[in-house]
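Down below is the structure, laid out as structure tokens.
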Amino acid sequence: MSINITFPDGAIKQFDAPITGIEIADSISSGLRRNSVAITVNGEQWDLTREITADATVDIITRDTDAGLEVLRHDAAHVMAEAVKELYPETQVTIGPSIENGFYYDFAREEAFTPEDLIAIEARMKEIVKRNEAIVREVWDRDDAIEYFKGIGEVYKAEIIADLPESETITVYKQGEFLDLCRGPHLPSTGILRDGFKLTKLAGAYWRGDSNNAQLQRIYGTAWSDKKQLKAYLRRMEEAEKRDHRKLGKALDLFHMQDEAPGSVFWHPKGWAVYQAVQQYMGVKQYERGYQEIKTPQVVDISLWEKSGHASKFGDDMFTLSTDDRDYAIKPMNCPCHVQVFNQGLKSYRDLPLRLAEFGSCHRNEMSGALHGIMRVRSFVQDDAHIFCTEDQIQEEVKEFIDFLHEVYADFGFDQIVYKLSTRPEQRVGSDEDWDRAEQALEQALNDNGLEWDLQPGEGAFYGPKIEFSLKDCIGRLWQCGTVQVDFSMPGRLGAEYIAEDGSKQVPVMLHRAILGSLERFLGILIEQHAGALPAWLAPQQAMVATIVTDANDYAQEVLKALRNAGIRAEVDLRNEKIGYKVREHSLQKIPAILCIGKREAEEGTVAVRRFGSKAQTVMPLEEFIEQFQTEIDDKQLSVTEQTSAS
RNA sequence: GCCUGCAUAGCUCAGUAGGUAGAGCAACUGACUUGUAAUCAGUAGGUCGUUGGUUCGAUUCCGACUGCAGGCUCCA
């Protein structure tokens with residue numbers, strides 16, 4: 001019997017059935033056969049060795065594509081599990097998927113794996129690849145599968161199968177002595193994995209992601225189509241590490257943290273200069289967009305947090321104190337305080353939308369394991385604002401906000417933004433009708449802005465759904481910064497109301513929103529994004545005046561004064577050192593402009609400018625430099641190259 | 001909070017198979033007046049995170065605690 005196989009380019013070829021993916025690949029070219037790892041058959045991913053018995057549309061998956069890498073990574077996880085079972089037979093295997101850049105497998109074992117074990121496991125994996133064991137797919141009866149895995153002591157596997165929907169076909173893959181439940185697809189044999197993998201780290205992970213369950217041992221690895229790709233990836237990771245904000249924060253003398261104040265930042269003069277630049281920028285932008293800035297108290301009676309619902313949901317994570325028989329909490333967030341400001345005086349529908357903003361200092365007793373540099377801290381400042389409005393105004397306000405956020409992120413040099421819509425969680429306040437309307441409003445706003453977004457069911461705040469705006473950092477980690485949340489419940493709980501057009505009392509809708517999120521976290525991301533070399537408008541020290549000879553000291557002081565008068569953050573280096581030494585030091589500090597001053601410059605009233613990232617020096621009159629540099633700062637130019645191309 | 005690992009000079013790191021530690025840079029002193037990524041010489045600097053235990057003796061071995069790192073969980 002012959003069947004028609006349709007290829008991605010529309011070509012149709014006849015084959016004698018049954019035929020396998022590997023035979024199809026071979027019929028096209030030996031190169032394709034060598035590089036193929038799986039095949040898409042009528043939209044479903046199949047093993048290359050699985051027989052195709054009827055007409056089908058196929059697409060051969062090669063090892064260098066995203067789908068191919070996923071297959072390789074999944075196989076790497078299986079090979080790792082096989083290696084672990086060979087070396088430590090008492091270990092139980094659970095699940096092992098492919099992930100971005102690699103794979104992991106979760107194991108249950110009494111004894112902890114050590115870093116030395118990883119080396120042994122990796123070596124055994126290489127052996128298994130060398131053995132080139134055939135990987136065979138088998139369809140099993142559900143109960144037989146459960147019995148089998150129970151029989152060999154793999155209770156986790158048995159549990160997974162028992163929980164699979166009845167309709168699911170139970171497939172088992174066999175390689176050598178190792179048998180694993182898996183949907184596939186997999187490589188025809190272990191040898192095809194080749195040597196582009198490496199085990200990277202050891203971690204704990206809860207069974208089924210629930211902290212009430214047993215903790216398993218997770219081994220992470222990275223896997224690529226070949227060794228060259230692997231090496232390139234490892235180099236990328238090394239580069240990324242150099243950008244780490246904790247390293248740069250120390251090297252550039254921006255901030256420090258110490259044992260006595262875990263999760264809190266000591267900002268040094270230079271770091272604080274950046275912090276201030278960011279905050280002042282936001283203040284101006286908010287004013288331009290119709291926000292009014294306020295400031296609310298740090299220590300507030302616990303009763304307010306009980307009314308708002310925060311105490312019951314986050315009580316354990318709040319810093320509390322009592323004095324004079326009264327219980328207080330250090331504010332973990334600003335919203336209830338903002339409602340208090342709204343509640344002062346009688347509000348009219350004419351006052352809406354009312355946009356109250358605060359650089360609100362908040363404290364949260366985050367779990368010790370959650371802390372991470374200045375990205376996740378216990379003491380932080382939010383660029384927080386709450387918009388009190390009518391239901392009709394939600395759409396427009398959210399749309400406005402998204403536009404605002406895009407403008408801000410672009411100014412800071414971010415163009416990769418990930419949008420997520422988080423909907424009602426299990427533990428929540430407010431009626432289902434309110435949640436329906438709130439979720440709809442946000443979804444509408446995202447779609448109206450033509451944005452691509454992911455849904456995160458159940459991830460909303462306890463008082464309302466939210467859109468999360470995340471930025472991708474240099475290591476590819478996603479950091480949530482901006483957010484906008486629709487809240488139908490808190491204003492009512494805290495007694496907010498306004499007089500409507502018809503004279504009736506109405507409860508306003510409250511939009512919670514932030515663009516930077518936490519300033520601490522945002523600065524961390526900013527440092528990593530720019531590898532510490534902040535654009536001139538954000539740099540802590542924008543210009544450094546460095547003298548070549550002591551005779552130029554007086555003129556250098558004049559230059560410093562002129563720069564500072566022009567609003568430029570400048571310093572002067574009069575030390576008795578060689579100019580090469582000074583240039584090196586200030587270049588390492590990534591200062592955007594170094595102005596070298598020697599005898600010639602002093603006589604001519606010029607400066608010799610050396611820009612960060614360039615070895616070239618340009619001698620120009622002081623006034624010209626100031627004018628040019630000021631424009632660069634005012635326009636928030638992101639790089640000098642942009643400046644030259646723009647002018 | 002949980003799992004694994006780590007904690008030595010201001011910084012980056014070495015070291016001690018148990019006998020109280022060393023380099024480079026930085027700091028300080030002196031000389032050098034210098035033209036674009038490190039001038040030379042000298043000096044000083046450490047309860048080896050805290051705290052118990054084992055030992056004649058612990059920075060080193062064991063335990064607890066604190067902090068940090070990578071994950072997991074959490075993130076108003």
Side-chain angles (χ1 to χ4, degrees), chain A residues 104 106 112-115 117-118 200-220 244 246-247 250-251 253 256-263 305 308-318 331-336 362 364-373 375-378 380 382 384 425 427-429 459-464 466 468 480 483 485 487 490 512 517-518 521 546-553 575-589 594-601 608-610 612 614-617 619:
Chain A
Y104 69 78
D106 285 346
F113 288 115
T114 64
D117 292 339
L118 286 201
T200 50
K201 56 200 172 193
L202 213 48
Y206 296 106
W207 168 236
R208 298 201 150 162
D210 188 333
S211 57
N212 295 313
N213 289 343
Q215 188 147 34
L216 308 169
Q217 298 187 62
R218 176 173 296 179
I219 301 176
Y220 282 95
D244 191 297
R246 290 161 299 197
K247 269 192 184 152
K250 198 176 266 179
D253 195 18
H256 87 271
M257 300 176 88
Q258 65 185 52
D259 290 6
E260 286 79 358
W305 309 108
S308 72
H310 288 96
S312 65
K313 181 135 203 312
F314 297 107
D316 291 345
D317 302 325
M318 282 161 63
K331 80 172 168 190
M333 50 150 27
N334 310 297
C335 0
C362 299
R364 296 178 185 176
N365 195 7
E366 303 282 8
M367 286 187 295
S368 59
L371 303 179
H372 178 97
M375 301 283 213
R376 185 84 184 270
V377 288
R378 292 205 172 120
F380 57 96
Q382 294 177 316
D384 203 3
Q427 202 189 341
R428 60 176 183 264
V429 296
E459 296 290 311
F462 73 89
Y463 49 71
K466 60 184 178 186
E468 286 178 9
Q480 194 221 309
T483 183
Q485 308 167 0
D487 184 352
M490 200 185 296
H512 307 244
S518 127
R521 167 182 297 187
T547 52
I548 297 167
V549 287
T550 42
D551 285 348
N553 282 6
R575 289 176 305 170
N576 180 15
E577 294 288 353
K578 287 180 128 168
I579 193 62
Y581 179 83
K582 293 186 183 181
V583 166
R584 176 185 154 79
E585 227 176 46
H586 300 129
S587 296
L588 287 173
Q589 287 296 306
I594 302 173
L595 310 186
C596 295
I597 305 288
K599 220 169 155 186
R600 282 204 298 275
E601 287 75 16
V609 184
R610 183 184 164 124
F612 180 77
S614 159
K615 285 193 162 105
Q617 307 130 44
V619 179

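Letters A, B, ... are given to chains in the order of the sequence lines, protein chains preceding strands, and every chain is numbered from 1.
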Looking at the base of [N], is there any donor atom on it, or on the side chain of [X], that sits under 3.5 Å from an acceptor on the other one?
X: A:R610; N: B:A37; value: yes
X: A:E601; N: B:G35; value: yes
X: A:R218; N: B:C3; value: no
X: A:R378; N: B:C75; value: no

How is [X] classified with respect to the nucleic acid when contacts are heavy atoms under 4.0 Å: base, sugar-phosphate, or nothing?
X: A:Y463; result: sugar-phosphate
X: A:A251; result: nothing
X: A:G517; result: nothing
X: A:K331; result: nothing
X: A:A370; result: base
X: A:E577; result: base
X: A:K201; result: sugar-phosphate
X: A:G309; result: nothing
X: A:A203; result: base
X: A:I594; result: nothing
X: A:D317; result: base

| query | With centres under 5.5 Å and planes under 30°, do A:F314 and B:A76 count as stacked? | reply | yes

| Closest non-hydrogen atom pair between A:E601 and A:A608, with its separation | OE2-CB, 3.7 Å

Could you tell me how far apart [X] ([atom1]) and [N] ([atom2]) are, to the nearest whole angstrom?
X: A:K582; N: B:U39; atom1: NZ; atom2: C1'; value: 14 Å
X: A:Q217; N: B:G71; atom1: CD; atom2: C1'; value: 12 Å
X: A:I548; N: B:U33; atom1: CD1; atom2: P; value: 16 Å
X: A:D316; N: B:A76; atom1: CG; atom2: C1'; value: 14 Å
X: A:E585; N: B:U39; atom1: CD; atom2: C1'; value: 14 Å
X: A:F462; N: B:C75; atom1: CZ; atom2: P; value: 12 Å
X: A:Y206; N: B:C72; atom1: OH; atom2: P; value: 11 Å

Would you please confirm or rule out a distance under 4.0 Å between OP1 or OP2 of [N] and any side-chain N or O of [X]?
X: A:R246; N: B:A69; answer: yes
X: A:T550; N: B:U33; answer: no
X: A:Y220; N: B:C72; answer: yes
X: A:H372; N: B:C68; answer: no
X: A:K599; N: B:U33; answer: no
X: A:K247; N: B:C11; answer: no

| Heavy-atom side-chain contact between A:L216 and A:Y206 under 4.5 Å |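 With C-beta onward as the side chain, the pair stays apart.
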
Any side-chain donor near an acceptor of the partner, [X] and [Y], under 3.5 Å:
X: A:Q485; Y: A:T483; answer: yes
X: A:Q217; Y: A:D106; answer: no
X: A:D384; Y: A:N334; answer: yes

| task | Over 60° means perpendicular and under 30° means parallel, so classify the ring planes of A:W305 and A:H310, tilted if in between. | result | perpendicular

| More 5' along RNA chain B: A:T114 or A:S368, using each one's nearest nucleotide? |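 Taking each residue's closest nucleotide, the earlier one in sequence belongs to A:S368.
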
| Residue mapping more 5' on RNA chain B - nearest nucleotide basis, A:A205 or A:M318 |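 Taking each residue's closest nucleotide, the earlier one in sequence belongs to A:A205.
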
| request: Could you go through the side chain to side chain donor-acceptor pair (under 3.5 Å) check for A:R218 and A:Y220 one step at a time? | output: CA-CA 6 Å; A:R218 176 173 296 179; A:Y220 282 95; 3.0 Å; yes

| request: Please determine, for B:U55, whether a Watson-Crick or G-U wobble partner exists with both distances under 3.5 Å, and give it or none. | output: none

| Pairwise P distance for B:U36 and B:C28, with rounding to whole Å | 26 Å

